[in-house]
Structure formats: structure tokens, C-alpha cells
Amino acid sequence: MDMLWSGWGDPAKAAPLPETVTGLLRDWLGVKPRTAEPVALTDIAVPEPGLEPAALQALSAAVGGEEHVRTDAESRIRHTRGKSTPDLLRMREGEVEDIPAAVVLPAGHDDVLAALRACAEHGLAVVPFGGGTSVVGGLAPGRRGPFVALDLRRMDQLLAVDPVSRTATLQPGMRAPHAEALLAEQGFTLGHFPQSFEWATIGGFAAARSSGQASAGYGRFDEMVLGLTVATPEGTLDTGRAPRSAAGPDLRQLVLGSEGAFGVITSVTVRIRPVPATRVYEGWRFDSFEQGAAALRRLAQDGPRPTVLRLSDETETLIGLAQPDAIGAAVDGQQSAGCTAIAGYEGTDEDTSYRRERASAVLRDCGGTQLGEEPGQRWAHGRYSAPYLRDSLLDAGAFVETLETATFWSRVPELYASVRDALTTTLTEAGTPPLIMCHISHVYENGASLYFTVVSAQGDEPVGHWEKAKHAANEAILAAGGTISHHHGVGTDHRDWYVREAGPLGIEALQAVKRRLDPTGLLNPGVLLPLD
């Protein structure tokens, strides 16, 4: 099943907003109903592919037949850009200037190598395409001219499971739910559950350094990766032959987060864990974001660490975004709602009970009030709902977008305040004063990530307003010592700030790697690295 071309996920799961929420949008933010319906897919004017017959023939030969090279309008539209709010607004207007010329579907590593050779021969750029969930411009190449979307959906096999070493090798086009189901049959789990879980792929997780909602217990995806096979225009790169090594720099780290700029990931070997016997999620209340953050820091540094640990600020708690299916329910009469934290525990019965008891004592000692399992279960039930809520808000005439960053614990307060101020000032000056919510989504011994959600009226130029606000927020992030992305990746949206974060010499080193692996610059040009 394909994702909704102009929104998120399964169209059957989208639901209109209740009147209470549309009333809040109208009264608080001046949101007005849309004046026109989005364009229909069949009404979009799609340019001709512009590929020479010889190029189409070469691509077909590379991937086992012309049925695996699609040039029809719908296939190309469905592979245009990702799922950021600007992406969706442009799609709803029928803007497809950066549509791929063709969608190519390889079946394995050798097919990918052959497709890259064909593209190099015919001067075609290549954008690897997994679940299509990028929200930072990771699927929109910066180089003009025809390009192909290399859709990896046929590469969706579980290649091997080593129960002794507790590892699994998977192909990159496998969606996360399929991977979990196959591993569960053998008693294992990957434990990686980002908000994009239902649609994202194993290769995408690696290419963007994904971080799941249970990262406090299972770790980030890049921490799970033990080996990678990568197809490049210059041949095959194999990395990782042991869990740890002192044999020079770790080339896995060169591929992780590279977003298809150096090569196409064709297999991933990951660490796996036994399926947990128990899963318990519960809610806690803190008087302030500062108090809650101090509690999370104590658990992250001194333990015991829950499997899931996150904290919504006062605004997000009041609005109810921590429980997407109950948004707006807590507004009336609860102006001192404080901050909601979610703590989750997964594992054996004994381990879960032990960690929960000790962590609860720490949270209580830090000023937390236990709210029971109901808030935690509601969060777990709605943990993948926010993108659908985003679609409903867009349908109602609101603008909503997210951004995230991370920093060391000592800098969290400054980073939090700086980003909020930058977004508020810029959008208010544009005539669309925002509602800004934030939560700590991932914790580490030395720091944490901040995940912001911004809601405003769309105004006359919603994409233009957001681009200015995003620019201001990015500047604030770097000035406050944060990283430009914690788990969304770089893409074209963050590229210029990533260049500043990495520094001139660092970028030159990466460009040298790209020239060796991709000498003609055909792989995702302008994504991650600036064009030469």
C-alpha cells in the first residue's frame, strides 16, 4: 500500500478535527477555513519524463525488465519530495517542478549497482527512496536536470538471523512493521519505534540516523547497526565484521546519516533483543518544565533508565499533544496543568518491576506526582497519530510543522528559550502568531533532544512564512550550541547550517569521500553536502 500522495500514511486513518479544536484554532490563532480544495492527483500537470530511449532501455536491463521502470504520472507524483508541511502544501497546490523522470525498482544489490552504472552513463541523478517519510528535503535533489527515484521496496527480505549473537540482517526496503513481525516470529525485536514507524524503512533509518521513541532503553538506530553493505557508482563498500574494532576509523559511521550521498545501502546488520514479556507505560506530573527536565536528567545520568522517557512542556501538556487523540481536552479550567512526563518499561517481568520501582522513587524525589498507567497507555495508543493530526490541521486551514535539535544538559534551558523566541518573533511579525509546544523526546547521560511543534494560521504565504521562521530557528539553534538535527536528518533544508556546524575542513573531507565514491556527483546531489 502506498502512502497518501498529498498527506501522511493511510487515508482511512485521517479524521476531521472536533469542533472544540477548530474553535480553539479560530479563537486563539485566527485560523480561517480554507478557501479552496486541494488539487486532485489526476488534475496535476506532469511534465514528460524527458528520458532518452537508450536510458530507459539501460535502466530496464539493470533491474530485470521494463515493468520495474515506471514513468507514469501517478508513480512519479508519489515519489516527489517527502512529507514536511511545505512539501505537502506544495503538493496540494499541484506543484511538481522537481518530479522524478522515472521510478526504478531494483530487486537486490547487483541491480542497484547496475542501475547506478546506467545512470552514470546517461547523466541521471539518483535519489534513493525508502518510505518517503523525509521531512527535511531529503528526497529533493538540488541539481537541475532529470533524475530517477530508486525505490527499494522490492528489497524487503530478512536475510539472516543469528540467535546466538542476537543479530539480524535485513534489506533496506523493508518497512519497520514488517521487520518487527518477522523478528517476532523468532522471538526478537529491533525495538526501534519512531513516529514514522508505520511507513519508514530499515535503510531509511540508517541513512538518516533515526532515533526511536524507546531510545532510552534500546538506543538510537545508529547504535544498533553492526554492519552495512553499500552500492556506489565505484563498486561495493562492506563495513562491519565485528561488534567493535580498533582496525582504523569505523566506516559504518561514514555511511550512517549520509542520506544516500555516498551510496545506496543494500543491507543492514543490526543488534536485536528478545521480545519483552512486559510493557508498562505511565504518566507523571511536574510543576514546571525545568523541574521535569531535572528529573529526566537524574534518571539518564544515575539510573535506573526507563525504556521510554519523555517530557512535554506546559503548553504541550495543556493542549494535550502528548495524547494526540485527546488534543484540546485539557484546556478548559486547567491553566496550571504543569508538565506531563511519560515513563515506559519493557523487558522481563522481574527487570521491569525492579526498574519501575526504583525509577518511580527518583521521579517522586524530584517532585513528580504519579498519574497512573492511563496517561501512559493513551500515549502508547496514539504514539503514531501526530502526522495524521497534522493533516487534519492543514485541512482545517491551520499551519503546523515540527523541528528538533539536541544539546548538552547545561545548555537545554537556553536552547529551549532561544528557539521559542525566534519562532514566536518571526511568525508574529509575519501576521501569524504561533502556538509553540515542545517536549524532550530523547535523553542521554550528557544531554537531551528538544522537539518543537508550531501551529499558526496559514496566512497568505504559509510556506514563505515558515521558511523565514525556520531560518530564524536554525540560527538560534547554532547560536545556542545545539545541533541542527537530532534525528530528522540534514536534507536540503538543513544543509547550509550543517556546513557551518561541521566546519570548512570537515565538509572538504566529506566532499573528498564523495568524489571517490561518486565521481560524477549523481547520488542525491545537493542533499547533505553543497554542490561543488
Side-chain angles (χ1 to χ4, degrees), residues 1-17 21-22 25-26 29-51 70-103 127 129 131-142 144-149 151 196 199 386-402 430 432 454-470 491-493:
M1 179 181 179
D2 288 321
M3 289 187 78
L4 178 64
W5 69 276
S6 60
W8 182 265
D10 181 357
K13 292 186 178 181
L17 296 174
V21 177
T22 56
L25 294 172
R26 180 183 62 247
L29 302 175
V31 172
K32 299 177 182 178
R34 291 177 300 127
T35 58
E37 291 297 315
V39 67
L41 186 149
T42 53
D43 292 337
I44 295 177
V46 176
E48 291 297 319
L51 294 180
R70 302 177 182 175
T71 57
D72 62 285
E74 181 173 342
S75 294
R76 294 165 62 205
I77 290 170
R78 290 185 179 278
H79 290 77
T80 301
R81 297 189 291 272
K83 296 298 181 181
S84 71
T85 296
D87 287 342
L88 298 187
L89 288 173
R90 291 177 62 197
M91 291 302 293
R92 291 174 176 215
E93 293 294 325
E95 297 180 16
V96 290
E97 291 83 358
D98 45 3
I99 192 170
V103 179
V127 176
F129 194 99
T133 62
S134 173
V135 293
V136 291
L139 302 173
R144 293 201 175 275
F147 71 95
V148 302
D151 189 322
S196 61
W199 296 93
Y388 292 103
L389 175 61
R390 188 260 305 263
D391 285 0
S392 299
L393 287 165
L394 292 179
D395 290 341
F399 182 93
V400 58
E401 185 58 298
T402 63
T432 54
V454 184
V455 184
S456 72
Q458 289 190 9
D460 296 332
E461 298 181 40
V463 174
H465 290 178
W466 175 247
E467 287 176 347
K468 292 178 182 178
K470 173 76 168 175
T492 54
D493 293 0

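The figures here come from the full heavy-atom set of this structure, side chains too, leaving out hydrogens, waters and symmetry mates.
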Query raised in the report: Less than 4.5 Å apart, any side-chain heavy atom of His465 and any of Thr432?
Result: yes
Query raised in the report: Which atoms form the tightest heavy-atom contact between Thr133 and Trp8, and what is the distance?
Result: CG2-CH2, 3.6 Å
Query raised in the report: Mind checking whether Thr402 and Val454 have side chains closer than 4.5 Å, heavy atoms only?
Result: no
Query raised in the report: When you look at Leu41 and Ile77, which way does the side-chain contact (heavy atoms from CB on, under 4.5 Å) test go after all the steps?
Result: CA-CA 8 Å; Leu41 186 149; Ile77 290 170; 4.2 Å; yes
Query raised in the report: Considering residues at least two apart in sequence or located in another chain, which fulfil the side chain to side chain donor-acceptor pair (under 3.5 Å) criterion with Asp87?
Result: Ser84
Report task. Taking atom CG of Asp43 as the centre, report whether more than 12 heavy atoms of other residues, nucleotides or ligands fall under 6.0 Å from it. Result -> yes
Query raised in the report: Checking side-chain contact (heavy atoms from CB on, under 4.5 Å) for the pair Lys32/Gln458: CA distance, chi angles, key distance, verdict?
Result: CA-CA 8 Å; Lys32 299 177 182 178; Gln458 289 190 9; over 6 Å; no
**Report entry** Residue pair Phe399 / Leu393, side-chain heavy-atom distance below 4.5 Å
**Finding:** no
**Report entry** Non-hydrogen atoms of Gly30 and Ala457 that approach each other most closely
**Finding:** O-CB, 3.9 Å
Query - Flag side-chain contact, heavy atom, 4.5 Å: Lys470 against Glu401 - result: no
Query raised in the report: How many angstroms lie between atom CG of Leu139 and atom CZ of Phe129, to the nearest 0.5 angstrom?
Result: 5.5 Å
Query raised in the report: Quick one: does Asp391's side chain get under 4.5 Å of Leu88's, heavy atoms only?
Result: yes
Report task. Mind checking the OG-CG spacing from Ser456 to Leu25? Nearest 0.5 Å is all I need. Result -> 10.0 Å
Query raised in the report: Are Asp98 and Arg81 ion-paired here, with the side-chain N under 4.0 Å from a carboxylate O?
Result: yes
**Report entry** Distance, nearest 0.5 Å, that separates CH2 of Trp5 from OG1 of Thr80
**Finding:** 10.0 Å
**Report entry** For Gly138 against Ser134, the heavy-atom pair lying closest together
**Finding:** N-OG, 3.0 Å
Query raised in the report: So which heavy atom on Val31 is nearest to which on Ala396, and how close?
Result: CG1-O, 3.7 Å
**Report entry** Pair Asp395, Ser392: side-chain N/O donor-acceptor within cut-off below 3.5 Å
**Finding:** no
Query raised in the report: Between CD1 of Ile99 and CZ of Phe147, what distance do you get to the nearest 0.5 Å?
Result: 8.0 Å
Query raised in the report: If only atom types and distance count, is the side chain of Lys83 paired as donor or acceptor with the main-chain N or O of Gly132 below 3.5 Å?
Result: no
**Report entry** Beyond-backbone contact of His79 with Val127, side-chain heavy atoms, under 4.5 angstrom
**Finding:** no
Query raised in the report: So do the side chains of Val96 and Met91 get within less than 4.5 Å of each other, counting heavy atoms only?
Result: yes
Query - Taking every non-hydrogen atom, the tightest pair across Val400 and Leu394 - result: N-CD2, 4.3 Å
Query - Val135 versus Asp493, closest heavy-atom pair with distance - result: O-OD2, 3.8 Å
**Report entry** Spacing of NZ belonging to Lys13 relative to CG belonging to Leu4, to within rounding of 0.5 Å
**Finding:** 13.0 Å
Query raised in the report: From Thr71 OG1 over to Leu51 CG, what is the distance, rounded to the nearest 0.5 angstrom?
Result: 8.0 Å
Query raised in the report: Would you say the side-chain atoms of Arg390 and Thr85 include a donor-acceptor pair closer than 3.5 Å?
Result: yes
Query raised in the report: Between Tyr388 (side chain) and Asp10 (backbone), is there a donor-acceptor pair under 3.5 Å?
Result: yes
Report task. Indicate yes or no for a side-chain donor-acceptor contact from Arg78 to the backbone of Met3 under 3.5 Å, with no hydrogens or angles considered. Result -> yes
Query raised in the report: Should Val455 and Leu29 count as side-chain neighbours, where that means a heavy-atom distance under 4.5 Å?
Result: yes
Report task. Check for a donor-acceptor pair, side chain of Arg76 on one end and backbone N or O of Pro100 on the other, with a separation under 3.5 Å. Result -> yes
